[in-house]
Amino acid sequence: MKDEYDFSKGVRGKFYRPNATLNLPVYLDNEVRIYLQECAHSKGVEVGQLVNEMLKQDIKLIEAVKP
């Protein structure tokens, strides 16, 4: 960090929100994105909803095979 930054008037926690949710950007390969868009369109749902459903199924499979 550079020495010329002045934080003397900064307020700790000014923008902290305990219940805030963070939406992470997810970057897909082009061919994956196109495939998911086509699948979502054929099901009549948004891509995000389709991906969440797929990931939930993957989580169930992973949990089912845990020792």
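Heads up: numbering here begins at 1 and tracks the sequence.
- Under the 4.5 Å side-chain heavy-atom criterion for grouping Ile, Leu, Val, Met, Phe, Trp and Tyr, V11 is not connected to Y16 through any hydrophobic cluster.
- Counting only heavy atoms from C-beta outward, the side chains of L36 and M54 approach each other to under 4.5 Å.
- Rounded to the nearest 0.5 Å, atoms NZ (K60) and CG (D58) are 11.0 Å apart.
- Hydrophobic cluster membership differs between L61 and L55, with clusters built from Ile, Leu, Val, Met, Phe, Trp and Tyr side chains linked at under 4.5 angstrom.
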CA sep, side-chain torsions, deciding dist, call: Q37, L50, side chain to side chain contact (heavy atoms under 4.5 Å, CB included): CA-CA 9 Å; Q37 284 177 327; L50 177 70; over 6 Å; no

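- Atom CG of N52 and atom CD of E46 lie 12.0 Å apart (nearest 0.5 Å).
- Note that NE2 of H41 is 14.0 Å distant from NZ of K43, once rounded to the nearest 0.5 Å.
- Both Y35 and L28 sit in one connected hydrophobic cluster of ILVMFWY residues. Membership requires side-chain heavy atoms under 4.5 Å apart, directly or through other members.
- At a threshold of 4.0 Å, the pair E63-K66 counts as salt-bridged, since one of the basic side-chain nitrogens sits closer than that to a carboxylate oxygen.
- In terms of modelled atom types and a separation under 3.5 Å, the side chain of D6 and the main chain of S8 share a donor-acceptor contact.
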